[in-house]
Each structure stands twice: as structure tokens, then as C-alpha cells.
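Basis for what follows: all heavy atoms, side chains included, without hydrogens, waters or symmetry-related copies. A quick note: this is a predicted structure, and the numbers were derived from the prediction, not measured. Naming convention: chains lettered A, B, ... in sequence-line order (proteins, then strands); numbering from 1 in each chain.
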Amino acid sequence: MNKLDESLLTGLPPFSRLERPQIREILDQATPKRHDEGAEVFREGEEADRFFLLLDGYVRVVRTTPTGDQMVLRHIAPGQLIGIAPALGRTTYPATATAASEALTLAWPTRLWPGFVTRYEGFATETWATLGRRMQELNDHLAELATKAVEQRVASAVLRMVNQTGRKVDGGIEIAFPVTRANIAEMTGTTLHTVSRLLAAWEKDGIVESRRKHIVVTAPHRLVLLSGAGG
DNA sequence: TCATTAAAGGGTC
DNA sequence: GACCCTTTAATGA
């Protein structure tokens, strides 16, 4: 079996303070896996027997409501830990993670978690920081859902994706993974029809350009204004 | 202001 | 051709 290259982990926040032998040790315990677009990485309610590092690609985190509706909670960019139920004191995954684009992960058995936290300098601190950021985002998102109008919510959701996963392209910033109108509807608690109409209107105003599953924000500051940030 | 319903066209496999 | 993604219009809460 091929050994994983140490450069995969060097520089990533959870491992940035570690020496080579420690990184080697961590990699030797990891199982790499490729996920096709749409494939599940882990499922809500399952026994959390592994935690993951997203090496490449994007992951969509989704919860299903009792009525069967899906709610998209967040998107994860490469370099982040996911499925870290043990850090939350849980034994099952709180949400389902699916590959938003073709993705590559490393997985470790959850039983190794306590050892990672105690043995590896900076690992715990970075994990807490990640959890803190996600908590902050959730708070913002919740306040937004409760108080903002649909157009503001959709604008915020698009901006969130741009900020977390955007890449520069000619004429703007592109969301780096395939997104449908329905996906955005599931992030904002509206319908795909409303999202479609909003994007069409924004495109007419020169704020975005979109093709199927593909959005480029050409005037981010105007989207910020629409999102109602700062008033 | 926004959801629902319906109809239709283009894309992709 | 089947199925998915998207657009558009009409209707009504």
C-alpha cells in the first residue's frame, strides 16, 4: 500500500505545529477515500466511528427535518476536519455530509481522538477554534432566518459560499463547487422558484452571472448591500 | 411578500 | 428518451 505524502498535512491548521515524525505517525493511521459528487461521507444518526479531514473538493452538510425536508447547514472547504462528533461529546453524527463535488478525505477511527487531542500540539486548540467559528456562523444564520426577508437571506447565503469557498475568475468570484437553485433554497428556507427569480433579477442588474450549477458574483459589494448587512 | 402549481425548454446521461 | 435543472406565468395566502 502506498504511503501518503507528508505534504498533505503540513501547513493545515490542525497539524501546523507538528514535527515530521508526528505527521508521519498520523498519516500512517489514516485511510484515504475518494467520494463521487453526491456520495455520502457520513450520515446523520449513524454511529460516529470515524472522523475526517477533507483534503480536496467540497462537502455539503445537511439535516433532514421530521417532515422529510432537507436543510443545508453549511459547506466545507478543503483543509478542514469534519465528522468530529467526539469533540461535541457525541457518539453519533449530528448531520449528514455529502460530497458537493468530487472529494478526497482522510479518515481516522474515533477511538484515536483522545490521543490526538492530548499528544498533538495545537490539534485541540485548532479544533476548538473551528467549532467556535461554526457556532458563530450558526448564530448568524439563525438570526438571519428569523429576521431577514427572502432576498436578503439568499444574498447572504450566496455571499457565505463566496467567502468560504470562492475563487477568483475573470470578472468576479466564482462559487467553487456545483450549486443548484434547489440547494440555495434549502439553505435559505425558500423555494427554488424564488431563488431562480432572484438570480435572474440580479443577473439583469449585473450583480451575478449564472449558468446551470454555476454562479459567478460580479459585484460582491452590491450583494452585500442586498444582504442587509449593517442595516 | 412569498409559496404553490403548472407548463415548458434545454442539458445530460 | 428519461431525468434533472431552470425559467416563467398565473394564482392566491
Side-chain angles (χ1 to χ4, degrees), chain A residues 33-44 54 56-77 95-104 137-231:
Chain A
K33 183 167 183 186
R34 199 184 67 84
H35 308 264
D36 288 327
E37 181 175 334
E40 276 185 12
V41 180
F42 54 82
R43 174 183 279 276
E44 178 179 352
L54 180 58
D56 194 22
Y58 294 86
V59 163
R60 183 158 27 238
V61 181
V62 174
R63 281 203 68 162
T64 305
T65 67
T67 55
D69 294 325
Q70 289 209 331
M71 172 102 211
V72 174
L73 296 181
R74 60 160 36 82
H75 289 93
I76 306 282
T96 297
T98 62
S101 62
E102 187 178 320
L104 185 63
E137 286 166 22
L138 274 184
N139 287 344
D140 292 347
H141 194 180
L142 186 60
E144 198 178 288
L145 281 176
T147 63
K148 287 186 174 181
V150 167
E151 183 172 33
Q152 298 178 316
R153 302 208 300 268
V154 174
S156 298
V158 171
L159 282 172
R160 215 175 293 125
M161 289 188 284
V162 160
N163 288 335
Q164 291 169 7
T165 74
R167 64 179 168 216
K168 277 203 163 163
V169 295
D170 251 16
I173 309 173
E174 174 184 34
I175 294 172
F177 54 90
V179 215
T180 66
R181 308 293 187 265
N183 292 147
I184 296 177
E186 287 167 356
M187 296 187 250
T188 52
T190 182
T191 64
L192 70 109
H193 310 275
T194 297
V195 174
S196 174
R197 279 188 288 264
L198 286 170
L199 285 175
W202 294 346
E203 179 134 22
K204 208 169 138 198
D205 284 349
I207 300 173
V208 302
E209 283 170 12
S210 66
R211 300 165 239 162
R212 92 180 340 224
K213 291 188 169 191
H214 178 96
I215 297 175
V216 176
V217 178
T218 50
H221 63 287
R222 296 183 59 196
L223 207 51
V224 171
L225 292 180
L226 283 178
S227 75

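Rounded to an integer number of Å, the gap from NZ of A:Lys213 to C1' of C:dC3 is 12 Å. Going from atom NZ of A:Lys148 over to atom C1' of B:dC2 covers 18 Å, rounded to whole Å. Separating the CZ atom of A:Arg212 from the C1' atom of C:dT7 is a distance of 12 Å, rounded to the nearest angstrom. The CZ-P distance, from A:Arg153 to B:dC2, rounds to 7 Å in whole Å. The NE2-C1' distance, from A:His214 to C:dT6, rounds to 15 Å in whole Å. Separating the CG atom of A:Asp36 from the C1' atom of B:dC13 is a distance of 15 Å, rounded to the nearest angstrom.
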### Message
Run the side chain to side chain donor-acceptor pair (under 3.5 Å) test on A:Ser210 and A:Arg181 for me, step by step, so that the C-alpha distance in whole Å, both residues' side-chain angles and the decisive distance to 0.1 Å come before the verdict.
### Response
CA-CA 10 Å; A:Ser210 66; A:Arg181 308 293 187 265; 3.1 Å; yes
### Query
Given A:Arg74 and A:Arg160, is the side chain to side chain contact (heavy atoms under 4.5 Å, CB included) satisfied, shown in steps?
CA-CA 9 Å; A:Arg74 60 160 36 82; A:Arg160 215 175 293 125; over 6 Å; no
### Message
Using side chain to side chain contact (heavy atoms under 4.5 Å, CB included), reason through A:Val162 and A:Leu223 one step at a time and then give a plain yes or no.
### Response
CA-CA 11 Å; A:Val162 160; A:Leu223 207 51; 5.9 Å; no
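Taken residue by residue, residues 189-201 of chain A places heavy atoms nearer than 4.0 Å to DNA chain B at A:Gly189, A:Thr190, A:Thr191, A:His193, A:Thr194, A:Arg197. Residues from residues 172-183 of chain A lying near DNA chain C, meaning a heavy-atom separation below 4.0 Å, are A:Thr180, A:Arg181 in numerical order.
For A:Asn163, the CG atom is densely surrounded, since the number of other residues' heavy atoms within 6.0 Å is greater than 12. No more than 12 heavy-atom neighbours from other residues, nucleotides or ligands sit within 6.0 angstrom of NZ on A:Lys33.
A salt bridge does not link A:Glu186 with A:Arg60: every distance from a Lys NZ or Arg NE/NH1/NH2 to an Asp or Glu carboxylate oxygen is 4.0 Å or more.
A donor-acceptor pair under 3.5 Å links the side-chain atoms of A:Ser101 to the main chain of A:Tyr58, judged by distance alone.
Scanning all heavy atoms of the two residues, the minimum distance from A:Arg63 to A:Leu73 falls at CG-CD1, 3.5 Å.
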